[in-house]
Amino acid sequence: MLEVAKFCCVFYVFLTTLVPTESLQCSSNVNCRCHEVHGKLFANCENLNLKSAPLFSDDVVGISLAHNIISIFPPNLPQNIVHLDVSNNNLRKIENTSLANYTALQNLSLANNNLHTVELHSLQELSNLRRLDISGNQELTLKVLFNISRDLQNSSTIRFLNFENLQCTYGVSFIIRKYHIAYLKHTHLEELNLASNRISSLELGVLTELPRSLKHLNLANNILSFGLYIVEFGHLENVVSLNISFQSTFHQIYVKEFFIGCNDTRPDLQTCKDLHTEVSMSSSASLSTFRGPKNVSIYIPPKLKRFYFHDNLYKMVLQDFIFKTVSKPVLTHIFMQNSIVYRLNGPLKGIESVRHADFSNNFCSYISPRFFEDFPNLSHLDLSHNALGENLESDHKGKIFQRLYRLASLNLSRNRIVQLPDNIFRNLNRLKTLNLRYNSLSEFSLPLKHMTNLAQLDLSYNQLLVLDEETRHALDFISKQRKINVNLLGNRFKCDCENLKFIKWMHSSKEINFVNFGNYTCTFSNSSRQSTQIPFTNIEDLLQGLEKQCSSYILVILMMTSLIIVVMTTALSRIVYRYRWKLRFMYYVAREKYRDNVRRSDVIGQSSYYFDAFVSYADKDRRFVIDLVKRLEEEYNLKLCIHHRDFIPGTAIADNITNAIHYSRRTVCVITSHFIESYWCMFELNMARMEAIYSRNGENVLFLVVLEKGAIKKLPRSFMDLIESKSYLDFPEDGDSDEVTAFRSKIGDTLNSPNGDLNELRRNV
């Protein structure tokens with residue numbers, strides 16, 4: 001907004017300094033430069049030390065008399081003049097007849113004079129006036145608003161009014177009343193500049209009295225305090241830019257400004273008093289009847305696009321404000337830098353259209369994970385020059401920036417960041433620019449592969465020693481899709497063997513542009529432990545020296561590393577193989593224990609066994625086993641477990657086997673060649689053995705029944721202890737019925753006995 005005002009102030013000078021088509025004579029003063037531009041004649045009489053205006057030909061439409069010493073408004077200018085600049089002179093007063101003859105005026109600048117009075121009706125005849133600049137007249141005061149607005153009340157052409165700096169810098173504050181601007185309501189004004197006037201407040205109703213056509217409002221460099229007028233900003237229906245920056249800003253003291261004859265306390269004109277009384281009464285009445293809710297949403301202009309609230313001395317926390325408009329919000333830019341917004345709590349609701357937000361240099365130390373909830377379209381975010389280091393370091397789940405899916409530029413420079421968690425930027429897939437310069441990062445190992453649009457990465461002036469291999473691979477991956485600029489200037493790289501690969505990577509990367517690469521340096525420590533900074537200007541010589549120094553160690557390191565890996569792998573493999581069955585047994589038992597919360601049988605006693613025995617056999621021996629089991633259960637009242645009948649459907653085979661062995665008092669294995677060839681039968685045999693050793697304290701609970709002659713010799717050598725201790729029973733060879741009956745009887749008696757001895761059983765058969 002300030003830039004717009006400055007442009008308007010020099011609008012006329014710009015017109016008179018266009019490149020001329022031909023030099024002409026149009027003034028009685030030969031030093032005035034006359035130019036014809038687009039068929040119109042302009043006269044430039046700036047900086048000629050004129051005390052009065054010269055005469056001009058009648059066809060001149062634009063005159064600049066700026067930067068002279070004229071004290072009386074020129075009375076003899078061409079009546080058809082359209083553009084007039086009398087800024088930076090010594091004018092003291094604009095009388096009601098001074099401009100009466102210049103009814104064609106469209107652009108008038110009276111800026112930076114010594115005006116103390118603009119009489120009522122001075123501008124009344126200027127029906128074509130579009131732009132009026134009266135800024136920089138500190139003795140005039142903002143009370144001139146009344147006279148000017150009343151003169152322009154019927155103007156259909158006025159578009160721009162500049163009242164900047166009409167109050168003395170070191171005077172009293174000013175409150176804008178409704179009567180000051182009441183007559184502007186029905187104009188088509190588009191721009192109003194009230195900056196630098198020590199305005200402390202606006203009377204309730206002032207903003208509603210402004211014309212609906214207003215697009216740009218500048219209230220910068222005042223001392224505005226909070227008041228009810230804030231709720232009236234929503235009435236500015238067509239305002240697209242609002243500037244409330246530089247509030248309560250310190251002004252440099254200049255002695256000359258103390259001698260300006262300020263009229264801050266002069267009495268109002270009688271007409272102003274009457275209108276003031278009438279408007280004040282209506283304002284008081286409306287204020288007394290205002291009974292809104294305690295929690296009032298802040299209404300913003302429905303067409304507001306740019307909001308300037310920077311360089312203020314307000315010390316504040318951004319809480320959970322709700323912004324509303326009468327239509328869909330179009331606000332795109334928020335400028336809140338260089339203030340004291342030390343916490344961003346939020347969330348800020350109703351501004352989902354914002355694309356550009358600047359919160360830099362605010363002494364901010366905390367951002368809530370909810371603050372950016374309602375910023376789905378944010379593409380540019382500046383958080384530089386704050387103290388967000390600890391806050392960002394604690395965001396391990398990446399909640400602060402998780403909703404900023406469209407963010408393209410993020411500036412976190414100068415935030416005292418020591419380290420960043422891996423998930424901090426996890427959702428920033430569209431990020432193009434990441435600025436982390438001037439922090440204290442000692443490592444940078446964040447995942448970057450998802451940032452396929454990344455084009456600028458600034459890590460300059462940190463404490464980095466190296467970029468790890470994963471980060472280098474990620475940058476290489478991105479560089480294959482687009483060229484990326486990486487700035488690593490001012491870090492603490494070391495010229496040693498550990499960093500050799502990193503330095504070679506920087507030198508050989510073709511698609512990655514290392515900004516100011518020739519100014520990079522690394523620290524080299526010699527035998528006397530003295531450090532030397534070596535620049536990268538001769539990177540080839542540096543790499544040759546490092547490769548020669550490090551080559552003698554690389555082979556040794558590789559060989560020792562390989563040897564250690566081989567030895568450890570071999571030892572671990574042997575251990576795992578030797579105790580493979582024990583490990584599997586412990587795994588299945590532990591899984592069953594923690595999954596089903598079943599107490600171990602050796603803790604709660606014999607009563608926890610579900611079966612007297614688990615019978616393990618091959619499917620091809622099923623007929624014999626089923627007959628044997630049937631007779632044992634009927635004749636000896638035994639409860640036996642066999643897999644085809646008692647295993648639980650839907651449960652893993654290994655789990656069924658482990659449970660059957662674990663909850664059976666004994667395990668009987670029917671040994672045949674089919675049994676030995678079966679994977680699951682051998683699994684059952686090994687699990688039963690592990691159960692006996694590790695869960696039953698070495699108790700003899702495993703019985704082998706050799707059904708097929710010679711099968712016992714086919715057992716693995718690991719079962720030789722069972723063979724040598726004769727913990728097995730041969731089935732009668734001739735199949736005599738008496739021997740078979742005795743065989744079943746002994747097995748039944750043994751399984752019924754809590755401490756049955758299979759060896760004794762075998763001797764008696």
Side-chain angles (χ1 to χ4, degrees), residues 1-50 52-68 70 73-89 91 94 98-113 122-123 125-136 152 155-162 164 187-193 213-216 240-241:
M1 180 69 78
L2 290 177
E3 287 76 7
V4 174
K6 291 178 180 177
F7 169 78
C8 296
C9 292
V10 299
F11 178 78
Y12 320 111
V13 178
F14 171 77
L15 289 175
T16 56
T17 55
L18 290 173
V19 178
T21 58
E22 183 181 358
S23 181
L24 304 172
Q25 185 65 35
C26 65
S27 171
S28 60
N29 190 320
V30 295
N31 293 320
C32 289
R33 299 180 298 278
C34 301
H35 308 292
E36 184 178 351
V37 181
H38 303 303
K40 296 180 181 181
L41 195 60
F42 293 86
N44 186 347
C45 300
E46 297 179 5
N47 294 296
L48 297 180
N49 204 29
L50 300 176
S52 61
L55 297 176
F56 297 92
S57 58
D58 292 338
D59 54 350
V60 174
V61 297
I63 299 174
S64 177
L65 295 169
H67 299 281
N68 286 292
I70 299 172
F73 194 87
N76 297 316
L77 300 177
Q79 291 187 358
N80 294 323
I81 187 171
V82 176
H83 309 288
L84 177 60
D85 185 354
V86 202
S87 61
N88 294 281
N89 279 279
L91 296 178
I94 302 297
S98 298
L99 295 162
N101 295 326
Y102 310 130
T103 56
L105 267 178
Q106 295 181 13
N107 299 296
L108 174 61
S109 176
L110 300 170
N112 300 310
N113 280 279
S122 299
L123 308 174
E125 302 299 327
L126 303 183
S127 57
N128 295 303
L129 190 64
R130 294 181 58 86
R131 294 175 176 269
L132 173 63
D133 185 356
I134 199 170
S135 61
L152 298 175
S155 174
S156 60
T157 58
I158 189 67
R159 296 292 183 270
F160 172 77
L161 290 176
N162 187 0
E164 183 174 353
T187 65
H188 296 86
L189 186 67
E190 295 181 356
E191 298 183 39
L192 178 60
N193 186 357
S213 58
L214 194 65
K215 294 181 179 179
H216 306 281
V240 296
S241 67

Exercise. Determine if the SG-SG distance between Cys34 and Cys26 falls under 2.5 Å.
Key: yes

Quiz item: Taking atom NE2 of His188 as the centre, does the number of heavy atoms from other residues, nucleotides or ligands within less than 6.0 Å exceed 12?
Solution: no

Value rounded to 0.5 Å, distance of [atom1] in [X] from [atom2] in [Y]:
| X | Y | atom1 | atom2 | answer |
| --- | --- | --- | --- | --- |
| Ile63 | Leu41 | CD1 | CG | 9.5 Å |
| Leu129 | Arg159 | CG | CZ | 11.0 Å |
| Asn76 | Ser28 | CG | OG | 10.0 Å |
| Arg130 | His83 | CZ | NE2 | 10.5 Å |
| Ser64 | Glu46 | OG | CD | 3.5 Å |
| Arg131 | Leu105 | CZ | CG | 14.5 Å |

Flag, side chain of [X] to backbone of [Y], donor-acceptor distance under 3.5 Å:
| X | Y | value |
| --- | --- | --- |
| Gln79 | Ile81 | no |
| Ser27 | Leu55 | yes |
| Asn113 | Asn89 | yes |
| Asn107 | Val82 | no |
| Tyr102 | Pro75 | yes |
| Thr157 | Ser127 | yes |

Self-check item: Sub-4.5 Å side-chain heavy-atom contact between Asn29 and Cys45
Solution: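 The answer is no; the side chains never approach within 4.5 Å.
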
Quiz prompt | Leu99 vs Leu108 side-chain heavy atoms within contact, under 4.5 Å | solution = yes

What closest approach, in Å, do [X] and [Y] show between heavy atoms, and which atom pair accounts for it?
| X | Y | answer |
| --- | --- | --- |
| Leu189 | Leu161 | CD1-CG, 3.7 Å |
| Leu91 | Leu110 | CD1-CD2, 4.2 Å |
| Phe56 | Ala43 | CE2-CB, 3.7 Å |
| Gln25 | Val30 | NE2-CA, 3.9 Å |
| Val240 | His216 | CG2-CE1, 3.4 Å |
| Lys40 | Val61 | CB-CG2, 3.8 Å |

Exercise. Could you tell me whether the side chains of Ser57 and Asp59 share a donor-acceptor contact shorter than 3.5 Å?
Key: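 The criterion, which ignores hydrogens and geometry beyond distance, is satisfied for Asp59 and Ser57.
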
Quiz item: Considering residues at least two apart in sequence or located in another chain, which fulfil the side chain to side chain contact (heavy atoms under 4.5 Å, CB included) criterion with Ser52?
Solution: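 In terms of side chain to side chain contact (heavy atoms under 4.5 Å, CB included), with neighbours along the sequence ignored, Ser52 is linked to no residue.
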
Exercise. Please test Asn162 against Phe160 for side-chain contact (heavy atoms from CB on, under 4.5 Å), starting from the C-alpha separation and ending with a verdict.
Key: CA-CA 7 Å; Asn162 187 0; Phe160 172 77; 3.5 Å; yes

Quiz item: Can you tell which of Leu48, Leu65, Leu77 makes a side chain to side chain contact (heavy atoms under 4.5 Å, CB included) with Pro54?
Solution: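 Between Pro54 and the candidates, side chain to side chain contact (heavy atoms under 4.5 Å, CB included) is satisfied uniquely by Leu65.
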
